[in-house]
Amino acid sequence: MEPTISKRIQGYVLPALLMLASLAYFVQTAITAPYLLLTDFKTYRDRAFAKLWLAIGPAFAKEMPAPFDANALLASSRGVVLDVGPGAGHQLFRFSHPENITMIYGAEPGVSMHAALGESAYKTGLGDKYRILACGAEPESLIPALAREGLLGGEKMLGNGVFDEIVCIRVLCGVPRIEETVEGLYRCLKPGGRFVLCEHVVNAGSEGSSLVGWFLQYLYTALGWSFFLGGCQLRRDTTALLMKAAEADDGWAMVHLEKVDEWSAIPHIVGYCIKKA
């Protein structure tokens with residue numbers, strides 16, 4: 001189905017609007033914490049981005065690509081789950097059947113969002129089933145955090161995996177060393193486990209996409225998208241990275257990924273992959 005003109009405009013200009021909003025929070029943070037701007041620029045940038053995401057996160061949580069809710073991906077979550085980069089927990093309401101969940105571990109490096117994340121967990125009925133980890137998704141950060149939680153056993157090894165499910169919602173675009181990180185997450189998944197994702201990805205300019213969206217990704221990147229949006233990358237081929245991560249096992253048992261708004265500057269892939277048992 002061909003998108004409407006208004007939807008096309010939104011898909012093309014949304015990154016520009018987000019960059020402008022981020023700039024406003026950079027200025028606000030400089031005013032409220034000028035010492036950080038001069039003494040600890042990374043913390044200053046992280047704080048500005050956290051303020052941005054706390055402000056816009058609820059709206060983005062409501063406006064998810066259609067297949068995400070149509071397939072009730074998080075409503076069917078079960079067992080022990082790794083929630084990668086949950087931010088302030090604006091997506092937690094979608095874990096609507098907590099009775100099927102043993103425990104969710106939320107790996108969130110932005111400690112300034114932990115209080116809001118914990119509050120969201122209780123409001124959505126997850127309560128003590130949601131454990132916040134102050135770590136990122138990259139192996140050198142995640143693995144020690146899992147060890148501290150006692151999830152790796154006496155030998156501190158992943159073995160055959162730890163989690164029944166891994167959830168990544170608009171987070172793989174921003175993790176460092178993406179290939180190594182995705183491979184590490186794959187190792188954390190148990191055989192037969194489910195890798196659920198909703199990620200914006202590269203517009204390749206190929207059939208189904210558009211040259212306008214392809215060009216705008218390059219333009220926004222050159223104008224500082226990654227700097228203003230917490231290290232986010234517009235042009236990551238996350239699907240290819242997922243396929244590569246499973247090569248050692250001759251691929252995934254099942255791949256169910258849908259491409260959404262391929263024509264836009266922020267196309268998405270939505271769905272899940274099942275690891276071979």
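Since the model is a prediction, treat every value here as computed from it, not as a measurement.
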Indicate if [X] and [Y] have the same hydrophobic cluster label, given that clusters are the connected sets of ILVMFWY residues with side-chain heavy-atom separations under 4.5 angstrom.
| X | Y | value |
| --- | --- | --- |
| V201 | I178 | yes |
| V27 | L36 | no |
| L133 | L151 | yes |
| V202 | V175 | no |
| F49 | M19 | yes |

Show the nearest heavy-atom pair for residues [X] and [Y], with the distance to one decimal.
| X | Y | result |
| --- | --- | --- |
| L74 | F68 | CG-CZ, 3.8 Å |
| P139 | R187 | CG-NH2, 4.4 Å |
| I143 | C188 | CD1-SG, 4.1 Å |
| L241 | V182 | O-CG1, 3.8 Å |
| R194 | L73 | NH2-O, 2.7 Å |
| M243 | C273 | CE-SG, 4.2 Å |

Original post:
Other hydrophobic cluster members with L20, side-chain heavy atoms of Ile/Leu/Val/Met/Phe/Trp/Tyr under 4.5 Å, chained?
Top reply: none
Using the side-chain hydrogen bond (donor to acceptor under 3.5 Å, both in side chains) rule, collect all pairs that involve [range], keeping only residues at least two apart or in two chains.
| range | result |
| --- | --- |
| residues 18-35 | T32-K51 |
| residues 57-72 | D69-R94, N71-E258 |
| residues 134-147 | E140-R177 |

Exam field: side chain [X] to backbone [Y], donor-acceptor pair closer than 3.5 Å:
| X | Y | result |
| --- | --- | --- |
| E165 | V196 | no |
| Q217 | N203 | yes |
| R170 | F60 | yes |
| S120 | H90 | no |
| D164 | V80 | yes |

**OP:** State whether Y186 and K275 meet the cation-pi test: NZ (Lys) or CZ (Arg) under 6.0 Å from the six-membered ring centroid, and within 45° of the perpendicular axis.
**Re:** yes
Would a 4.5 Å heavy-atom cut-off, applied to side chains only, mark [X] and [Y] as touching?
| X | Y | result |
| --- | --- | --- |
| I166 | C168 | yes |
| L172 | L185 | yes |
| D83 | F95 | yes |
| L52 | F26 | no |
| F215 | L211 | no |
| N160 | P191 | yes |
| F163 | L146 | yes |
| T238 | L197 | yes |

Flag the pair [X] and [Y] as a salt bridge only when some basic side-chain nitrogen lies within less than 4.0 angstrom of an acidic carboxylate oxygen.
| X | Y | value |
| --- | --- | --- |
| E179 | K244 | yes |
| R131 | E149 | yes |
| K276 | D249 | no |

Original post:
Is a side-chain donor-acceptor pair under 3.5 Å present for T43 with D40?
Top reply: yes
Under 3.5 Å, side-chain donor or acceptor atoms of residues 100-116 against the rest of the protein: list the pairs with distances, not counting sequence neighbours.
from	atom 1	to	atom 2	distance (Å)
E108	OE1	G87	N	2.7
E108	OE2	G110	N	2.7
H114	NE2	E108	O	2.7

Original post:
Does the side-chain contact (heavy atoms from CB on, under 4.5 Å) test come out yes or no for D128 and Y122, once each step is laid out?
Top reply: CA-CA 8 Å; D128 293 334; Y122 274 92; 2.5 Å; yes
How long is the gap from [atom1] on [X] to [atom2] on [Y], to the nearest 0.5 Å?
| X | Y | atom1 | atom2 | result |
| --- | --- | --- | --- | --- |
| H268 | C198 | NE2 | SG | 5.0 Å |
| E199 | I266 | CD | CD1 | 13.0 Å |
| L257 | W252 | CG | CH2 | 9.0 Å |
| T124 | K129 | OG1 | NZ | 12.0 Å |
| L234 | L229 | CG | CG | 8.0 Å |
| C173 | H200 | SG | NE2 | 3.5 Å |

**OP:** Given side-chain contact (heavy atoms from CB on, under 4.5 Å), test K7 with D261 step by step and report yes or no.
**Re:** CA-CA 10 Å; K7 185 173 177 61; D261 296 339; 3.4 Å; yes
**OP:** Would you please test V255 and I274 for side-chain contact (heavy atoms from CB on, under 4.5 Å) and show each step?
**Re:** CA-CA 7 Å; V255 176; I274 304 293; over 6 Å; no
Original post:
Counting heavy atoms not belonging to L38, are there more than 12 under 6.0 Å from its CG?
Top reply: yes
**OP:** Determine, stepwise, if the pair I169 / M64 fulfils side-chain contact (heavy atoms from CB on, under 4.5 Å).
**Re:** CA-CA 10 Å; I169 302 176; M64 295 293 286; 3.7 Å; yes
**OP:** Please work out which of the three classes, parallel, tilted or perpendicular, describes the rings of Y218 and W214, given edges at 30° and 60°.
**Re:** perpendicular
Could you list the donor-acceptor pairs under 3.5 angstrom formed between side-chain atoms of residues 11-18 and any protein atom two or more places apart in sequence or on another chain?
from	atom 1	to	atom 2	distance (Å)
Y12	OH	R8	NH1	3.0
Y12	OH	S210	OG	3.4

